[in-house]
There are 2 protein chains.
Amino acid sequence: MEQDILQLDNQLCFRLYSISRKMTKAYEPLLEKYHLTYPQYVTMLVVFEHEKIDFKELADRVNLKTATMTPIVQKLEQIGYVRREKNPEDNRKVFVTLTDEGKSLNTRITDVPIELAQRLQLTVDKYATLVDELDELDALLNNVLQQP
Amino acid sequence: MEQDILQLDNQLCFRLYSISRKMTKAYEPLLEKYHLTYPQYVTMLVVFEHEKIDFKELADRVNLKTATMTPIVQKLEQIGYVRREKNPEDNRKVFVTLTDEGKSLNTRITDVPIELAQRLQLTVDKYATLVDELDELDALLNNVLQQP
DNA sequence: AAACGGTTATTCGTGTACGATTGAATTAAC
DNA sequence: GTTAATTCAATCGTACACGAATAACCGTTT
């Protein structure tokens, strides 16, 4: 009886852990032609929304530590989608901006979420429900993570 | 209009990506006293269910490639929770079994999911709903991943 | 029995992911 | 106006995560 709570099949966390990786894997073939990984793709989505964004703010938005974001942005710069420039008003800070190549990507890459939605065959209704439920879970998790 | 589908806030995948990591982080302080990481914890949950399990079957059950599972099981062996032994009937295969220390862990570690549920404050109803919906999404994802 | 095709666990290379530390730069305190 | 505390991005060490390659092994076919 008591052991049931240790059954893998009963674990919400494992579903999230597993599904998250499957989702990343589902994006992989679609992102291939843009030479992007999923974390790099998500980072680009945030850069698209800003045109010029603080490196720190970018990391916060993607919920990654700067230690993780540093190599991601460096790779995106190497590919040619973004530029890193020092903030003249505060030499500790770094701006991230789109290159022309990055702006071009912005218009072209819309096919990725469209194609994935097509493949996933999730109804608009279920999609919305899941988003809402996950947002509630996210709020609860933020409470848990607040206190040590 | 068309750009809305690139908005991070509209992405189901990003919620899963982000929440999955937060969930792992929420487990961290609870697993600390057992010297386990979250992937190691999940692996132990499967070993608990079997007493003796094929290495390959273990990796499949946790949805990890053997290349990922190898160092995880090696670490668990080093800690002292499991033993790796060759299958005498097939020298390519490896069995994973619980040590006495591992069996002791099985009875003690039930406090982890209990304490997390306590902290999360998710109602039984919402928990069940989320599990069902995630299982549906999982099935759809399996279809997507089947075809290249 | 030698060769072949398939399976298995490991190794390797690349890319996250993060805590801790570092070094540079800004701000606050006195 | 120097010291102290804080902030920032990068670096380091550890731990996943996986594709590809590898080496050992198995069953089968010739």
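Since we're looking at a predicted model, the values are computed, not measured. By convention in this document, chain letters (A, B, ...) are assigned in the order of the sequence lines, proteins followed by strands, and residues within each chain are numbered from 1. Computed over heavy atoms, backbone and side chain alike; hydrogens, waters and symmetry mates excluded.
- When the C1' atom of C:dC18 is taken as reference, atom CG of B:Leu31 falls 16 Å away, rounded to whole Å.
- Residues A:Pro71 and A:Ala67 share a closest heavy-atom pair of CD-O, 3.4 Å.
- In this structure, A:Lys22 places its NZ atom where more than 12 heavy-atom neighbours from other residues, nucleotides or ligands lie under 6.0 Å away.
- The nearest heavy atom of DNA chain C to A:Gln40 and to A:Asn87 marks one nucleotide each, and the one closer to the 5' end goes with A:Gln40.
- Atom OH in A:Tyr27 sits about 16 Å away from atom P in C:dT16, given to the nearest Å.
- Listed here is the closest heavy atom pair of A:Cys13 and B:Met23: CB-CG, 3.5 Å.
- Protein chain A contacts DNA chain D from D:dT7 to D:dC18, reading 5' to 3' and using non-hydrogen atoms of the protein with a distance under 4.0 Å.
- When the P atom of C:dA25 is taken as reference, atom CD of A:Glu89 falls 17 Å away, rounded to whole Å.
- Heavy atoms from other residues, nucleotides or ligands lying under 6.0 Å from CG of A:Asp132 number more than 12.
- Spacing between atom NZ of A:Lys75 and atom P of C:dG15 amounts to 4 Å, rounded to whole angstrom units.
- The shortest side-chain heavy-atom distance between B:Glu133 and B:Leu137 does not fall under the 4.5 Å cut-off.
- Within the 4.0 Å cut-off from OP1 or OP2 of C:dA17, not a single side-chain nitrogen or oxygen of B:Thr24 is found.
- Distance check: A:Gln11 CD to A:Tyr17 OH gives 13.0 Å after rounding to the nearest 0.5 Å.
- Minimum heavy-atom separation, B:Leu12 to A:Tyr127: N-OH, 2.9 Å.
- Taking atom CD of residue A:Glu28 and atom C1' of nucleotide C:dG15, one finds them 11 Å apart after rounding to whole Å.
- Nearest heavy atoms, B:Ile19 versus A:Leu134: CD1-O, 3.2 Å.
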Pairs under 3.5 angstrom, nitrogen or oxygen only, protein versus nucleotides 9-11 of chain C, please.
{"residue": "C:dA9", "atom": "OP1", "partner": "B:Val94", "partner atom": "N", "Å": "3.4"}
{"residue": "C:dT10", "atom": "OP1", "partner": "B:Arg84", "partner atom": "NH2", "Å": "2.3"}
{"residue": "C:dT10", "atom": "OP2", "partner": "B:Thr70", "partner atom": "OG1", "Å": "2.8"}

